[in-house]
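Excluded from the calculations below are hydrogen atoms, water molecules and symmetry mates; all remaining heavy atoms, backbone and side chain alike, are included. Count residues from 1 along the sequence.
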Amino acid sequence: MTHDEPPAVTPLDPRALLKDLQARFAVFRNHSPLAIGIDKQVLAQMPDLEKKALRLAMRSHTISTRYLKEMEKATVRLNLDGTPADAVTEENRQHAAELLRQRFKKQNEQRRATQAAARAAEAAAKAEELRTAKLNQLAEKFGRKGR
């Protein structure tokens, strides 16, 4: 089986790559809205980069809450060097806002479910405690009469 490019021995971890991108480039570090096609700019500066790892790192970055919050209020996308690229459209801002709304709604639902489960567990524990106390009282009461 032959390939044009030799396979990478160990694929780069997308999280490690994202940390590297954040260390190298302020637009990643600041979660600035990225220019469309910024992956080509990254590959031009880092030609040995595995494209799949870059794609996964970019996906992770662009769905982060901080990035979406920046997109929600931004007007301009930035190139890798921080220069203005194209405009952030109203549709882009609305999409970011909708993703954030969905994320926060889901987090609130999960928090409420967790709290409800904790309350139910606490109520069950109290009920069991009362049941045990009543059984102990009954055992004590009837244990004395039988003597």
Side-chain angles (χ1 to χ4, degrees), residues 1-140:
M1 186 159 77
T2 59
H3 295 287
D4 293 341
E5 298 175 15
V9 177
T10 53
L12 187 59
D13 175 19
R15 285 181 295 220
L17 174 56
L18 182 54
K19 285 185 185 288
D20 185 35
L21 292 171
Q22 289 170 339
R24 289 176 187 239
F25 306 108
V27 292
F28 280 94
R29 193 170 39 255
N30 299 333
H31 294 81
S32 303
L34 302 174
I36 303 295
I38 200 163
D39 56 323
K40 291 169 188 63
Q41 295 176 34
V42 172
L43 288 170
Q45 291 208 19
M46 302 169 75
D48 296 333
L49 212 51
E50 192 178 292
K51 288 180 183 178
K52 183 177 181 180
L54 177 59
R55 188 173 62 250
L56 292 171
M58 295 285 295
R59 172 85 176 135
S60 174
H61 181 72
T62 58
I63 64 167
S64 73
T65 300
R66 281 189 61 193
Y67 184 83
L68 291 172
K69 284 181 175 181
E70 290 297 319
M71 278 296 286
E72 187 179 30
K73 62 185 179 186
T75 56
V76 176
R77 291 175 175 273
L78 301 178
N79 289 309
L80 201 53
D81 62 4
T83 59
D86 33 7
V88 174
T89 65
E90 184 58 32
E91 185 181 343
N92 296 148
R93 282 190 289 279
Q94 287 176 359
H95 179 69
E98 180 58 27
L99 289 175
L100 287 169
R101 265 193 300 280
Q102 289 172 6
R103 181 171 297 164
F104 293 142
K105 180 180 177 186
K106 188 174 184 179
Q107 287 173 348
N108 284 336
E109 288 169 357
Q110 288 172 338
R111 186 171 51 250
R112 280 195 293 271
T114 301
Q115 289 170 344
R119 284 191 299 272
E122 191 176 313
K126 282 184 181 177
E128 181 59 27
E129 205 175 289
L130 284 172
R131 184 178 164 279
T132 301
K134 289 229 182 235
L135 286 173
N136 287 340
Q137 286 175 346
L138 288 170
E140 213 176 280

Within this structure, what is the [atom1]-[atom2] distance for the pair [X] and [Y], rounded to the nearest 0.5 Å?
{"X": "Gln107", "Y": "Leu100", "atom1": "CD", "atom2": "CG", "answer": "9.5 Å"}
{"X": "Arg66", "Y": "Arg29", "atom1": "CZ", "atom2": "CZ", "answer": "11.0 Å"}
{"X": "Gln94", "Y": "Thr89", "atom1": "CD", "atom2": "OG1", "answer": "8.5 Å"}

inquiry  = Tell me whether the count of non-hydrogen atoms from other residues, nucleotides or ligands lying under 6.0 Å of CZ in Arg15 goes above 12.
reply    =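 At most 12 heavy atoms, drawn from other residues, nucleotides or ligands, come within 6.0 Å of this atom.
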Within 6.0 angstrom of Glu109 CD, more than 12 heavy atoms from elsewhere =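 Yes, the 6.0 Å shell around CD holds more than 12 heavy atoms from other groups.
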key: Closest heavy-atom pair and its distance - Ala57, Pro14   =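 Heavy atoms only, the tightest pair is CB-O, 3.5 Å.
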ask   = Looking at Leu68 and Thr62, what are the two nearest heavy atoms and their distance?
value =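 Shortest heavy-atom contact: CD2-O, 3.7 Å.
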Min side-chain heavy-atom separation [X]-[Y] under 4.5 Å:
{"X": "Leu18", "Y": "Leu56", "value": "no"}
{"X": "Arg24", "Y": "Met46", "value": "yes"}
{"X": "Asp86", "Y": "Ile36", "value": "yes"}

query = Considering residues at least two apart in sequence or located in another chain, which fulfil the side chain to side chain contact (heavy atoms under 4.5 Å, CB included) criterion with Leu80?
reply =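 Expected list: Phe25, Val27, Phe28, Ile38, Gln41, Val42, Gln45.
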ask   = With the threshold set at 4.0 Å, does a side-chain nitrogen-carboxylate oxygen contact exist between Glu128 and Arg131?
value =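 Salt bridge between Glu128 and Arg131, a charged N being under 4.0 Å from a carboxylate O: yes.
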Short N-O contact, Glu90 and Arg93, less than 4.0 angstrom =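 Salt bridge between Glu90 and Arg93, a charged N being under 4.0 Å from a carboxylate O: yes.
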inquiry  = Under a 3.5 Å cutoff, is there a donor and acceptor pairing between the side chains of Arg103 and Thr65?
reply    =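 Thr65 and Arg103 do have a side-chain donor-acceptor pair below 3.5 Å.
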ask   = Between Thr83 and Asp81, is any side-chain donor less than 3.5 angstrom from a side-chain acceptor?
value =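 Per modelled atom types, Thr83 and Asp81 side chains form a pair under 3.5 Å.
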Test log, rule side-chain contact (heavy atoms from CB on, under 4.5 Å), inputs Asp13 and Leu17 = CA-CA 6 Å; Asp13 175 19; Leu17 174 56; over 6 Å; no
request  = Could you tell me if the ring centre of Tyr67 sits under 6.0 Å from that of His31?
outcome  =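 No, ring centres 6.0 Å or more apart.
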Below 3.5 Å, can you tabulate the donor-acceptor pairs from side chains in residues 69-78 to any protein atom, sequence neighbours excluded?
unit_1 : atom_1 : unit_2 : atom_2 : d
Arg77  : NH1    : Leu34  : O      : 2.7
Arg77  : NH2    : Asn92  : OD1    : 3.4

inquiry  = So, applying side chain to side chain contact (heavy atoms under 4.5 Å, CB included) with Gln102, which one of Lys105, Lys106, Glu98 is it?
reply    =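 Result for side chain to side chain contact (heavy atoms under 4.5 Å, CB included) with Gln102: Glu98.
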key: Residues Asn108, Arg112; criterion side-chain contact (heavy atoms from CB on, under 4.5 Å); working and verdict   = CA-CA 6 Å; Asn108 284 336; Arg112 280 195 293 271; 3.8 Å; yes
key: Candidate pair Arg111 and Gln115, rule side-chain contact (heavy atoms from CB on, under 4.5 Å), full reasoning   = CA-CA 6 Å; Arg111 186 171 51 250; Gln115 289 170 344; 3.8 Å; yes
